[in-house]
Structure formats: structure tokens, C-alpha cells
2 protein chains.
Amino acid sequence: MPPNGSSAKLSLEVVKTACSNCNLRELCLPLGLNDQELEKLDEMVASRRRLKRGDHLYHAGQAFDSIYAIRSGFFKTDVLIEDGRDQVTGFQMAGELLGLDGIGSEMHTCNAVALENSEVCVIPFSHLEGLSREIHSLQHHFHKVMSREIVRDHGVMLLLGTMRAEERLATFLLNLSQRFTARGFSPAEFNLRMTREEIGSYLGLKLETVSRAFSRFQEDGLAAVQQKHIRILDTPGLKMLMTHQRG
Amino acid sequence: MPPNGSSAKLSLEVVKTACSNCNLRELCLPLGLNDQELEKLDEMVASRRRLKRGDHLYHAGQAFDSIYAIRSGFFKTDVLIEDGRDQVTGFQMAGELLGLDGIGSEMHTCNAVALENSEVCVIPFSHLEGLSREIHSLQHHFHKVMSREIVRDHGVMLLLGTMRAEERLATFLLNLSQRFTARGFSPAEFNLRMTREEIGSYLGLKLETVSRAFSRFQEDGLAAVQQKHIRILDTPGLKMLMTHQRG
DNA sequence: AAACCACGTTGACGTGGATCAAACGCGGCC
DNA sequence: GGCCGCGTTTGATCCACGTCAACGTGGTTT
């Protein structure tokens, strides 16, 4: 069984799985709410949606009316322009929100694609705005989530604007590791859900460069890489790569 | 007198210049509010702050409690990390908001620096959250503003991840042009407030590359460039550069 | 007006990553 | 089991941009 393979084991529970008994509530929107607030939140979550690997949760251009909380699975978001250029803007995992990009223009501005079989909670945005007028802590937490998304994007801009290939990949691996850890998985060992090309698109590199950087990590004893299976061997070494270097 | 030179002429008006009679209200937070809602907004804007060229509005690490609406002037925001790397994450002009990055962690995560003498409205964030619980349209508009910031960042990621130097610069110029236009200035002629190095940092290029790209635009008749003064001569040509090309 | 200084331009050269190309590994499917 | 096809690895070559260096320019100081 793969370290954090959430793909297998179809859960049979058709039971009411609401925010109040969701084990992601400390990572997701409910954070900081009390019991009765949580109950209100339960009512807001309109429905669930299951997606198979490769399915689109939404497309760029599609009308926006809900945001989505990932219950399980793994997604990428990407933007593409006429001439065929394509940029992966992020990879999202359980507990994270999708669709915030659509609020501003009332339509989605990127594509969200499941990279493995996944399930999301559908949160009609007007309900969220309504409820966050009632529940201060929900309002505040939602603002924090949006703000953090902006900060995350700034981090990616820093990466794309100033880092060299291996620094980018090291940063990427450490970020994944940290997020897996927060979800109770191994910090050191995991399976990538995305291809080299998708990693490359996210990091502003070509797939060959990503592959070579992985090989280099392997040579240098920083990580054991076998296709999509990653084992981080030297976290401090990767951190060094990420921050240091230059000059 | 430069086309849109807001630098000179210190206005002596100490008059009450509130949102309700601010000529930026269609670009800024008040958008879509009715008269009585606007009055409430007036009360929320706690104070003004004037900054001279080079002054910091806030520093990374500083405690967050307010966001800022630019009344006049021009800013940059940048993040920098230990090893000296530095990424300009945006340039902001009148009517735009600064400080959204600070909500998530209760402290600012980037530096905001005035690139010319500027004035901002100080908006205590708790007041904004309070008022947006009362005024639905304010709440919704604020969410839109944050969302658009995310979308803008995705655009920059696309630029940094996939474009070549001249495409980046063309995109940058057209974006500035469009924003100046929205503020009633000439779409074709303006003065840059930032140095080549700052442009380069924003676009993920070195200052020499920026300079060369400007020279190339000059040669190709796309724009007349004289130090900081820019005159766009061939907007369609720049658009072509921006989107097309590749392959 | 001379001297200074920050910023910008231009040239020569080096290099990291892109591109092109070939082979390999692995899972899916008859 | 053997074939097929996608994803990955690896090598050889190329080129856009970075680096280093010299010089130009416009604005400010004295």
C-alpha cells in the first residue's frame, strides 16, 4: 500500500458526513467555529461531487457560483491562452479550497482537474457570504484563506522570478512534504500525483529539466526518486538548496 | 508637464475628502454602494497617510491591522528572502488596495514602498469586516477585489512561467497602459515610476535584458522609449508580441 | 559650471535550461 | 505472455538571457 494512497478503499459510508464530523475541519473552512456554528455550516454545504481521475471540476469561462472544498483526492489548476501556452497555477489537496478565482468576474478563470479520484464539497458562494455575515469567525477565516492564497502566489512568483531549476524543485518537494505532514502522512515518502510535465509547467521548466533535477537529487543523496515515488533523504540539504545558493 | 505626473503640485486641501466625494470611488472599494452606504464607508476610513517617494507604507513582518486604498501616487510591493533574493510582486496605482497579503497571518508578508509622493486611506481591517457584515454589496465587492488579486497573480505566474523577455515586457506595458486609461490618462504616453531593475524584478529578468527589450521595441517601431518616458506607437504590434509568438 | 551619482544603454562573452532525439520502464490490454 | 503507448530518462546541441564591463545621460550639489 502506497504511503498516502487515498485512491483505494472506496468508503461505503453514505452516512451524513458533514463538516461537523469531517476530519478535515481543522484544515478547512470550519476552523475555529464552535458546535452550533458548525451545524449552520453543515447546512450550507449543498452537496458533494465525486470526480474520477482526469475529470474537470470546472472549466475556465464557466459561470461561477460555488467554491469547493476538497474532501479527498488531488487537483491541479491551470490557465491556458489561445496560442497554446499553459501554466499550472497550483496543486490542491484535501482540506483546501478551489474556485476562489471565479469570484471576481463571476466566472472561473482557470481549469480545475482531478489528478486522482476525488471528492469535493460544493459550497454555494452566496450561502457562504450569507453565513459569514452571521458568523464572524467564519468571515474572518474565509478572508484569511483568500489572503493566504495571495501570499502563496507571491511565493510562486518569487520562485519563478528568481530561482534556478534545482532550487525550484527542492522548494516544490518541501512544500508537498509539509502539506502531506499536515494531513498526517509521511513527510519523507509520498507518491506524486502529477506528471513531470505538470511539475514543469508549475515550476516554469520543461519536463526534461525536471527529470534531470530529480536525477541530480538522486545522485547527491538528497532524495530517492523512482518514477512517481519520492523518498526525501536529506531535508536540510534540500532546504539549503532552496534558500542558499546564489552568489 | 509630464502626461500623468501627479508628483508635483502639493494640494492644500485639508478639506474632508471622504469616499463619498472621492473621484476614485468607481475604481476603489465604494464601487456599487448607494449614498447612505457611502456615508458609513466614510466613517470607516480612519485616516490618511502621506508618503514621500521611497517611504515604506509597511514592512514585511510588521503587524497587520489595516489595509490601504491608494488615493494618489504609485507603489511597488516586494518580497525578499534571507539570501538577498528579491521579487517585486506588483505595482499599484490610485484606486487599488494594498495590504491584503497581511490578513492571513496577521502580519504583512511583503514590503510596500511609495515610488512617488503618495497618499493612502487607512482602512482598519476589523472595521471593514464589521461594515461588510452590514452592507452586502461592500462584502461582495471586497471579495471580488481579493479574487481579482488572485487572478492577477495567476497572470503573472503565466508570464513568468511561459513567456520570453519581449513578450513579458509587452504584456507589462499594455497592462500599465490599460490601467492608466481606466484612470483617465493617455493610453499611449506615460512615465514609468520604476527603474529598469524594478521592472526586471517584476518580470523575472535582469535590468540589462529589460533595457535591451526596450531598445528592440524602439527599433521595431513598437514604442518610443526615452529613459522613463514611454510612448506606445503600435498597440496591435505589442498585443501580437504578447499573445502570438512561440513556435 | 564642474563634479558627482544614480540610472540607463550597449557590447562581448558565458551558461543554464530549452530543444531535438533516442531509448527505456511500466502498466494496460488483448 | 507479449505488444503497445505513455511517461520518463538521458544525451547532444543550441540559444536566450545572464554576467561582466564600459560608457552615456540627466539631474542634483556645491
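Within every chain, numbering begins at 1; the chains are lettered A, B, ... in the order of the sequence lines, protein sequences first and strands thereafter.
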What nucleotide, of dT10(D), dC26(C), dA16(D), holds the atom closest to the side chain of Arg164(B)?
-> dA16(D)
Separation of atom NE2 in His229(A) from atom C1' in dG27(C), rounded to whole Å = 18 Å
Between Thr195(B) and dA6(C), does any side-chain N or O lie under 4.0 Å from OP1 or OP2?
-> no
Take the protein atom CG of Asn191(B) and the nucleotide atom C1' of dG8(C), then report the distance between them rounded to whole Å.
-> 15 Å
Where Arg179(A) and Gln92(A) come nearest, the two heavy atoms and their spacing | NH2-CA, 3.8 Å
Quick one: Leu203(A) CG to dA18(C) C1', roughly how many Å, whole number?
-> 15 Å
If only side-chain N and O atoms of Arg196(B) are considered, is one of them under 4.0 Å from the OP1 or OP2 phosphate oxygen of dT9(C)?
-> yes
Closest to the 5' end of DNA chain C, once Thr209(A) and Val225(B) are matched to their nearest nucleotides, is Val225(B)
Please give, in whole Å, the distance from dT19(C) P to Glu197(A) CD?
-> 12 Å
Using atom CD of Glu208(B) as one end and atom P of dG11(C) as the other, report the distance to the nearest whole Å.
-> 14 Å
Value in whole Å for how far the P atom of dT9(C) lies from CD1 of Ile230(B) = 8 Å
Considering only heavy atoms and no angle criterion, is a donor-acceptor pair shorter than 3.5 Å present between the side chain of Arg212(B) and the base of dG11(C)?
-> yes
In terms of the angle between their ring planes, are Phe214(A) and Phe217(A) parallel, tilted or perpendicular, with boundaries placed at 30° and 60°?
-> perpendicular
Is the backbone of Ala94(B) close enough, under 3.5 Å, to the side chain of Arg183(B) for a donor and an acceptor to pair up by distance?
-> yes
Nearest-0.5 Å distance, CG of residue Asp86(A) to CD of residue Glu198(A) = 9.0 Å
Under-4.0 Å side-chain N/O to phosphate OP1/OP2 contact, Lys228(A) with dT8(D) = yes
To the nearest 10 degrees, what angle separates the axes at the start and end of the helix from dA1(C)-dT30(D) to dC30(C)-dG1(D), five pairs each?
-> 40°
Hey, what's the ring geometry for Phe190(B) with Phe180(B), parallel, tilted or perpendicular (30° and 60° as the breaks)?
-> tilted
Sugar-phosphate, base or nothing in reach of Leu205(B), heavy atoms under 4.0 Å = sugar-phosphate
Using the benzene-type ring in the case of Trp, are the ring centres of Phe91(A) and Tyr202(A) under 6.0 Å apart?
-> yes
Assign Gly204(B) to base, sugar-phosphate, or nothing according to its heavy-atom contacts below 4.0 angstrom with the strands shown.
-> sugar-phosphate
Rounded to whole angstrom units, what separation is found between the CD atom of Gln226(B) and the C1' atom of dG26(D)?
-> 11 Å
Measure the shortest side-chain to side-chain distance between Glu96(A) and Phe75(A) over non-hydrogen atoms and say whether it is less than 4.5 angstrom.
-> no
Rounded distance in Å - CG (Leu207(B)) to P (dC7(C)) | 10 Å
Closest to the side chain of Lys206(B), out of dC17(D), dT19(D), dG26(D), is dT19(D)
